[in-house]
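Since the structure comes first, as C-alpha cells, the remarks are kept for the end.
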There are 2 protein chains.
Amino acid sequence: MSASTPRRTGTRAAETAARKARLIDAALGLAAEGGYDAVQMRDVAARADVALGTLYRHFSSKDQLLLAALLDQAATLRDNLERRPPAGATPAERVADVLRRASRALERDPRVTGALVTALFVNDAAAAPIKAGVREHLMAMLGTALDGADVDDLEGVVDVLGHTWISTMAFWSSGLGDGVSMSTRLERAAHLLLD
Amino acid sequence: MSASTPRRTGTRAAETAARKARLIDAALGLAAEGGYDAVQMRDVAARADVALGTLYRHFSSKDQLLLAALLDQAATLRDNLERRPPAGATPAERVADVLRRASRALERDPRVTGALVTALFVNDAAAAPIKAGVREHLMAMLGTALDGADVDDLEGVVDVLGHTWISTMAFWSSGLGDGVSMSTRLERAAHLLLD
DNA sequence: CGCAGACCTGCAACAGGTTCTAGGTCTGAC
DNA sequence: GTCAGACCTAGAACCTGTTGCAGGTCTGCG
C-alpha cells in the first residue's frame, strides 16, 4: 500500500473514514441528549449528512454502531492509562486509580454510558467480536494495574474484577446503583480480592 | 377480603391468573425454540390463546414479560435451595454448590437463558423494580450459602459474587464463555474471595 | 333492575430498526 | 477508453413492538 503514490491525502479512503467518524460522533451526540432511545438511525444519518443506506454499509446495526463507539472510548481510555500510568504504591491502589479514572469518565455522562452499556448487553451473535474487544481492553487495563501483584491466580482476579466492573456499570446505568459511585463499589471489590 | 365468600375457586380471578401463567409459558416456549428474537408478542398472544391487547394488559412490554418469567425462575430456584439446602462443609463449598445447581439449570437451555438475560439488561426504567427483585433472589441464595462464613465484609463478598454471576451469564449467553462452564468460572471466583 | 368497572377480543395504526431498489460518481485495471 | 467494482444518495417497503379504539362479557353494588 505504498508503491503508487496515493495522490494526496483527502481522497476517497480518507473521506470514507471521515464519514465513519462523523457517524460515530452523531451517535454519541444523540446519546448524550436522550440516551439509547434517542439514537435513531434516521437521525444519526441525517446529523452526519449521510444516507441511511450508507450508515448501514458501515455499521450493520444500531448496536454495532454503538459498540463501535464504545470500543473507541475503551481504546482511548486505555491509551490515556498507558500515557499516564496508574498511580499508587500497591497493586490495590493502582487498580483503584484505574477504576476511579474510568468511573469519572463514565459518570460524567450517564446517558451516553447507558446507551453504550445497553449495546454491550444486546443479544446478537454478530456483536460478539466487538464485545470481546471491549472486554479485552478492560482486562488489559486491570492487568497493567495489577502488574507485580503477588496473588496466586492473577488471571482469575482480573476476570472477577472485570465482571464486577461491567455488571456494576450495567446496574448503575439502570439506576440500580443505590446512589453509590461505581468506583467506591469497585474499590471495595479490589480490596476484597487483593488484601 | 374475606367477608363475602368468594363463591368457589375457578372464577374470574383464577382464570386471569391462569391466562397470565399461559402467557409466561408461551414466552418460555418460544424462547426455547429461537431465543429472544423468536419471542414475538403476536406469537406469544396467539400461542396462549389470548388477544394481543390482553397480553399488554398483563405485561407492559416484551421485556417485562421476559423479566416476569425470569423472576419466576429465580424464585423457583431459591425455593429449591431452601427445600434442599446447599451441601458442603465450608462456605466456599456451599457457594460452589449453589452456583453449580443454578448453572446446570441455566446451561440446560441456552436459548431460554439468553432471552431472559437479554431482558435483564435492557435499558428501561420501568424494568428496574423487577431487576432489583431478581438480584435480590440471587443475593439471598448466596447469602444463605455463606451463612456463618468468617469474612469481614460479608455483604461485599455477596455483592462481588452476584455481579460476577450475572455478568458471567451475560457473556456466556453471548457465546463469549470460551467454552468453560459458568459454574467452573464462578467457583474460582468464590475460591478467590473466600480462601 | 341497572349501572360502573374490570377484563377480554379483534383489528387498525403508528414508530423505529432494517432491507431493498434504482440510480448516481469515482477509481483502478485491462 | 471503457468496464467492473466500490461507495454514495434518495426513498419506498417491511417487520415487529406498542398503542388505540370499538365493541363484547362478567361481577359486584346501589
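By convention in this document, chain letters (A, B, ...) are assigned in the order of the sequence lines, proteins followed by strands, and residues within each chain are numbered from 1.
Across all strands shown, B/D37 has no heavy atoms under 4.0 Å from either base or sugar-phosphate atoms. No contact: B/V44 has no heavy atom under 4.0 Å from any strand. Among the protein residues, B/D63 comes within range of no part of the nucleic acid, since none of its heavy atoms lies under 4.0 Å from any strand.
Rounded to an integer number of Å, the gap from A/N123 CG to D/dG17 P is 13 Å. For the pair B/L23 CG and C/dC7 P, the computed distance is 14 Å after rounding to whole Å. To the nearest angstrom, P of C/dG16 lies 13 Å from CG of A/L30. Rounding to whole angstrom units, CD of residue A/E15 and P of C/dC26 are separated by 10 Å. Atom CZ in B/R57 sits about 13 Å away from atom P in D/dT19, given to the nearest Å. The separation between A/L65 atom CG and C/dG16 atom P is 17 Å, rounded to whole Å. Taking atom CG of B/D43 as the reference point, atom C1' of D/dC15 lies 12 Å away to the nearest angstrom. In this structure, the CG atom of B/L55 is 16 Å from the C1' atom of D/dG20, given to the nearest Å.
For the pair A/H58 and A/L52, nearest-nucleotide mapping onto DNA chain D gives the more 5' position to A/H58.
Candidate nucleotides D/dC7, C/dT9, C/dG16 were compared by shortest atom distance to the side chain of B/V50, and C/dT9 ranks first. Listed candidates were D/dC8, C/dC7, C/dG17. Nearest to the side chain of A/T16 is D/dC8. Which of C/dT18, D/dG17, C/dC8 sits closest to the side chain of B/M41 comes down to D/dG17.
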Under 3.5 Å, side-chain donor or acceptor atoms of residues 91-111 of chain A against the rest of the protein: list the pairs with distances, not counting sequence neighbours.
{"unit_1": "A/E93", "atom_1": "OE1", "unit_2": "A/A89", "atom_2": "N", "d": "3.1"}
{"unit_1": "A/R94", "atom_1": "NE", "unit_2": "A/A145", "atom_2": "O", "d": "3.1"}
{"unit_1": "A/R94", "atom_1": "NH1", "unit_2": "A/G88", "atom_2": "O", "d": "3.3"}
{"unit_1": "A/R94", "atom_1": "NH1", "unit_2": "A/A89", "atom_2": "O", "d": "3.0"}
{"unit_1": "A/R94", "atom_1": "NH2", "unit_2": "A/D147", "atom_2": "O", "d": "3.0"}
{"unit_1": "A/D97", "atom_1": "OD2", "unit_2": "A/A87", "atom_2": "N", "d": "2.9"}
{"unit_1": "A/D97", "atom_1": "OD2", "unit_2": "A/R101", "atom_2": "NH1", "d": "3.4"}
{"unit_1": "A/R100", "atom_1": "NH1", "unit_2": "A/E187", "atom_2": "OE2", "d": "3.0"}
{"unit_1": "A/R101", "atom_1": "NH1", "unit_2": "A/R84", "atom_2": "O", "d": "3.2"}
{"unit_1": "A/R101", "atom_1": "NH2", "unit_2": "A/R84", "atom_2": "O", "d": "2.9"}
{"unit_1": "A/S103", "atom_1": "OG", "unit_2": "A/L99", "atom_2": "O", "d": "2.7"}
{"unit_1": "A/E107", "atom_1": "OE2", "unit_2": "A/M182", "atom_2": "N", "d": "2.8"}

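Side-chain atoms of B/R42 and base atoms of D/dT18 include a donor and an acceptor less than 3.5 Å apart.
With a 6.0 Å radius and a threshold of 12 heavy atoms from other residues, nucleotides or ligands, A/H191 has its NE2 atom at or below the threshold.
Looking at A/D49 and A/R22, no side-chain N of the basic residue comes within less than 4.0 Å of a carboxylate O on the acidic one, giving no salt bridge. A salt bridge is defined here as a Lys NZ or Arg NE, NH1 or NH2 lying under 4.0 Å from an Asp or Glu carboxylate O, and A/R185 with B/D159 meets this definition.
Remark: B/T54 is in phosphate contact with C/dT9, judged by side-chain N or O atoms under 4.0 Å from OP1 or OP2.
No side-chain N or O of B/H163 forms a donor-acceptor pair with one of A/T164 less than 3.5 Å apart.
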